[in-house]
2 protein chains.
Amino acid sequence: MAKTRRLDRVRVIAVAADLADERGLEALTLAAVAKELNIRIPSLYNHIDGLAALRREIGLLGLRDLEPQLARAAAGRQGTEALRAVAHAYTLYANAHPGRYLAAQRPASASDPELALAGAAIVDLLRSILKSLGLNARDQIHAVRGFRALIHGFISLQAAGGFGLPVEVEQSLDRALAWFFEGLVLQNRQRPRRNKYRLAIRPKRP
Amino acid sequence: MAKTRRLDRVRVIAVAADLADERGLEALTLAAVAKELNIRIPSLYNHIDGLAALRREIGLLGLRDLEPQLARAAAGRQGTEALRAVAHAYTLYANAHPGRYLAAQRPASASDPELALAGAAIVDLLRSILKSLGLNARDQIHAVRGFRALIHGFISLQAAGGFGLPVEVEQSLDRALAWFFEGLVLQNRQRPRRNKYRLAIRPKRP
DNA sequence: GTATATTAACTAATACAATTAGTTTGTCAA
DNA sequence: TTGACAAACTAATTGTATTAGTTAATATAC
């Protein structure tokens, strides 16, 4: 049972991702992965390029897993209802796969086309929903960023134990999203396709 | 120049925090701190209880530094204007001290009164501002969470390089906050002190 | 002022993680 | 059948945190 070929790159990454989900991304070591696979540490280098690369792969896996789940949640819904369903799927995934999710949030080198592509797929999905709300291109980008930031912020602060008070976090996210959407559709109702609010700290025209 | 007393706990933490800001929290090692202080690694243990404790101290320092800066930004302003100023101070701090800020977001053991207290000071500040908007206690909590999540989400996604498109991130945050506030004040104008929207994925009364 | 206790540095040693180099052994295809 | 390749291995190196035990300088007590 020594030198037979038992592994491939995909399986190594999958096992590592599961470990990251179970024990935390920080606790992910090559030693743990090797032990789980019943091989010696250096053998891992036949499949992956070290620990840093492995973490990147886990993050990439996370992004690629997440997108279709969001798309499925949005299917058959429109506007803010679709966005709420997407938000729900988003937090569901982050709670089910904390290691993969955290790995997906790591600083990526600017020139990483695979990661960029996987991220863009999610952004495109959100933009297409927001377009149906009647937002112009620039506002779509602003809104996508705000939406992602809100969800990610909740997940991140929750993971950090930042919510001490005994009020349901999931409920708070729903309320916050509701307020955000309210502002979105209100502005658009008043002045479609044109920005009314220019609330930069430093005003454009002083 | 051997055994004289040159250090204290505060200075060790401050130097470590500066290193974390400059080179990144991940790159913070006891070796780097010791080198910066011109001592050997084990000597650090006279002042701090290891690397994990040092990171916690840096986070605590971050929280304690942040609160007065937010308070100063809010001073003399009210309502959403105060919140916008606080948000600006928040991102300013996170950009100036990325290491301290990141350390402040680490999962804290549930029973860490110092960290809890430092965090509560910030939450209390935000709640007092939101109270002046006429929100009831429950909505204050929801709004504080949404506000923090939005800001932290932006900072976090920006640090992860998640905003690929060439549109100003600072501007996006301003717009997102504007929409969020719009929803906040709108709801309150319509039905002060009572919730109108109950947008949970699973409705309360089916 | 001297004796004592404490503080804060040190050296030495251990354990563990990641990585690289070089080797061996199955497996597949010509 | 045989030769190239893939994928495991052992061995060794480096860098990390941590603990134990030691020593010198400083502060404090008398």
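Not measured: the values here are computed from a predicted model. Because only heavy atoms are used, hydrogens play no part in the values below, and waters and symmetry mates are left out as well, while side chains stay in. Chain A is the first sequence line, chain B the second, and so forth, proteins listed ahead of strands; every chain is numbered from 1.
- OP1 or OP2 of dA8(D) sits under 4.0 Å from a side-chain N or O of H47(A).
- The nearest whole Å value for the distance from the CZ atom in R11(B) to the C1' atom in dA9(C) is 15 Å.
- Rounded to a whole Å, the CG atom of L51(A) is 14 Å from the C1' atom of dC16(C).
- In this structure, CG of L44(A) is placed 10 Å from P of dA18(C), rounded to the nearest angstrom.
- Residue side chain N46(A) does not reach the base of dA6(D) through any donor-acceptor N/O pair under 3.5 Å, judged by distance alone.
- Under 4.0 angstrom from either OP1 or OP2 of dC9(D) there lies at least one side-chain N or O belonging to S43(A).
- Atom CD1 of I39(B) is separated from atom C1' of dA24(D) by 16 Å (rounded to the nearest Å).
- Salt bridge absent: R84(A) and D174(A) never bring a charged side-chain N and a carboxylate O closer than 4.0 Å.
- Between Y45(A) and dT19(C) there is a side-chain polar atom (N or O) within less than 4.0 angstrom of OP1 or OP2.
- Atoms CG (L19(A)) and P (dA17(C)) sit 13 Å apart, rounded to a whole Å.
- For R148(B) (side chain) and G162(A) (main-chain N/O), a donor-acceptor pair under 3.5 Å exists by modelled atom type.
- Between E26(A) atom CD and dA18(C) atom P there is a gap of 13 Å when expressed in whole angstrom units.
- Nearest to the side chain of P42(B), among dA17(D), dC10(C), dT19(C), sits dC10(C).
- Note: L83(A) CG to F181(A) CZ = 4.5 Å, rounded to the nearest 0.5 Å.
- Here dA8(C) presents its P atom at 13 Å from CD1 of I48(B), a figure rounded to the nearest Å.
- Contact annotation: the side chain of Y45(A) approaches that of L30(A) to within less than 4.5 Å [non-hydrogen atoms, C-beta and beyond].
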Dump the intermediate steps for side chain to side chain contact (heavy atoms under 4.5 Å, CB included) on D139(A) and W179(B), then the final yes or no.
CA-CA 11 Å; D139(A) 278 356; W179(B) 284 324; 4.2 Å; yes
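- With rounding to whole Å, I41(B) atom CD1 is found 7 Å from dT16(D) atom C1'.
- A sub-4.0 Å separation between OP1 or OP2 of dT10(D) and a side-chain N or O of R40(A) is present.
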